[in-house]
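One structure is given here, and the rest of the page talks about it.
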Number of protein chains: 2
Amino acid sequence: MDSTVINLKSKLEIYKAMTGGGNLADCPVRDVIQGLNGKWSSLLTAALAEQPYRFGELRRLVPDISQRMLTQTLHELQRDGYVHREVFPTKPPSVEYSLTDLGRSMFGALQHLLQWAELNHDAVREARKEFDTAQA
Amino acid sequence: MDSTVINLKSKLEIYKAMTGGGNLADCPVRDVIQGLNGKWSSLLTAALAEQPYRFGELRRLVPDISQRMLTQTLHELQRDGYVHREVFPTKPPSVEYSLTDLGRSMFGALQHLLQWAELNHDAVREARKEFDTAQA
DNA sequence: CAGGATCCTTCTAGATACTG
DNA sequence: CAGTATCTAGAAGGATCCTG
């Protein structure tokens, strides 16, 4: 079966996983998703999915991220187990960031959404334009 | 080919789509993803993927969302073309929200990530715990 | 019933300066 | 090189009251 085909059963399961139990605050799915909701999380994951990078390389690669947000986002991704941080005791020190197995697995799932976004960006933009002019 | 298998070519394409052109502020992928980064966007999309709901039904379904955020998030999802809003001129009025074709298409891609989150929540939690104790 | 308007709090993210 | 620390503006989100 094509894994892009979604049956109702899995929809219901996801929905239940997100809303069920009356304990939304501790909902597992939302807990994980929340960790990827940052402005830079997806972008940095996508970058590291290509190949490992060092701190400075990532800065140059993503010129409009502040060094504070780069540090912080990498830290969060590392904390959630997606990113491995390896320090090489050179002088001056160099630090390499790479995806863990969990990170690669997660990116495999995230990628569907990124690809969809790339393919359907025009439709979304068009919908926004239409909506905004209709409101005016 | 199993669509969960990622080849390097598509990785690179996504990465380029997210970072290329030196025009990150207008990056299409990030533009679309940003619209789904809200605290409630995924949850409401998942709910509406199951079936259409009325405003009050969604409130009861997601008890910990404020009515303000429910209104606002539905509005954003509608603006991006994911959600259709239909007003029935009854007394008092009733409004039904449902996914558009674009919304269903988007959810098909988002769902991979939600399913991954459900399956791997324990691993993420474990990683966090390990990271936090290692820091202490 | 389905919101709009307001006020307030918290969280996010950017700018800048400094350090091992 | 790879960060930390501090400060601040702005956005996101919550609480409450009001209405067609």
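It should be emphasised that the depicted structure is a prediction, and the values quoted were computed from it without experimental measurement. Sequence lines set the chain letters: A, B, ... in the order given, protein chains first and strands last, and positions in each chain run from 1.
For the side chain to side chain donor-acceptor pair (under 3.5 Å) test, no residue two or more places apart in sequence or in another chain qualifies with A:R59. With sequence neighbours left out, the side-chain contact (heavy atoms from CB on, under 4.5 Å) criterion links A:P52 to A:E96, A:S98. Judged as a side chain to side chain donor-acceptor pair (under 3.5 Å), and not counting sequence neighbours, A:D122 has no contacts. Applying the side-chain contact (heavy atoms from CB on, under 4.5 Å) criterion to A:T133, with sequence neighbours excluded, gives no partner residue. Remark: B:T100 engages B:H84, B:L102 in a side-chain contact (heavy atoms from CB on, under 4.5 Å) (not counting sequence neighbours). Scored by the side chain to side chain donor-acceptor pair (under 3.5 Å) test, B:S105 finds A:W116 as partners (sequence neighbours excluded). By the side chain to side chain donor-acceptor pair (under 3.5 Å) test, B:R54 is found to be paired with no residue, residues two or more places apart in sequence or in another chain being considered. B:K129 meets the side-chain contact (heavy atoms from CB on, under 4.5 Å) test with B:E126; sequence neighbours excluded.
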Can you give me the N/O atom pairs linking the protein to nucleotides 9-11 of chain D at distances under 3.5 Å, or say none if there are none?
none

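Between B:H75 atom NE2 and C:dG4 atom P the separation is 7 Å, expressed in whole Å. Per the geometry, CD belonging to B:E57 stands 16 Å off C1' belonging to C:dG3, to the nearest Å. Between the CG atom of A:L70 and the P atom of D:dG3 there is a distance of 8 Å, rounded to whole Å. What separates CG of B:L58 from P of C:dC1 is a distance of 14 Å, to the nearest Å. The distance from atom CZ of B:F55 to atom P of C:dA2 is 8 Å, rounded to the nearest whole Å. The CZ atom of B:R59 sits 10 Å away from the C1' atom of C:dG3 (whole-angstrom rounding). Rounded to an integer number of Å, the gap from B:E96 CD to C:dG3 P is 12 Å.
Rounding to the nearest 0.5 angstrom, the gap separating the CG atom in B:L70 from the CG atom in B:L44 is 6.0 Å. Between atom CG of residue B:L119 and atom CD of residue B:Q115 there is a gap of 6.5 Å, rounded to the nearest 0.5 Å. From A:L58, atom CG reaches atom CD1 of A:I65 across 8.0 Å, with rounding to the nearest 0.5 Å.
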Summary of protein contacts for nucleotides 6-16 of chain C, nucleotide by nucleotide, where a base hit scores B, a sugar-phosphate-only hit scores S (4.0 Å, heavy atoms)
B------BBBB
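At a threshold of 4.5 Å between side-chain heavy atoms, the hydrophobic network of Ile, Leu, Val, Met, Phe, Trp and Tyr places A:L99 and B:F131 in two separate groups. A:V87 and A:L77 end up in the same hydrophobic cluster when Ile, Leu, Val, Met, Phe, Trp and Tyr side chains are linked at under 4.5 Å.
Close to C:dA2, at under 4.0 Å from its OP1 or OP2, lies a side-chain N or O of B:R54. Remark: B:Y53 is not in phosphate contact with C:dC1, judged by side-chain N or O atoms under 4.0 Å from OP1 or OP2.
End-to-end axis angle for the helix from C:dC1-D:dG20 to C:dG20-D:dC1, using five pairs per end and rounding to 10°, comes out at 50°.
Around atom CZ of B:R125, no more than 12 heavy atoms belonging to other residues, nucleotides or ligands sit under 6.0 Å away.
Of all the residues in residues 77-92 of chain B, not one reaches under 4.0 Å from DNA chain D with any non-hydrogen atom.
Nearer the 5' end of DNA chain C, as judged by each residue's closest nucleotide, is the contact made by B:S94, out of A:P93 and B:S94.
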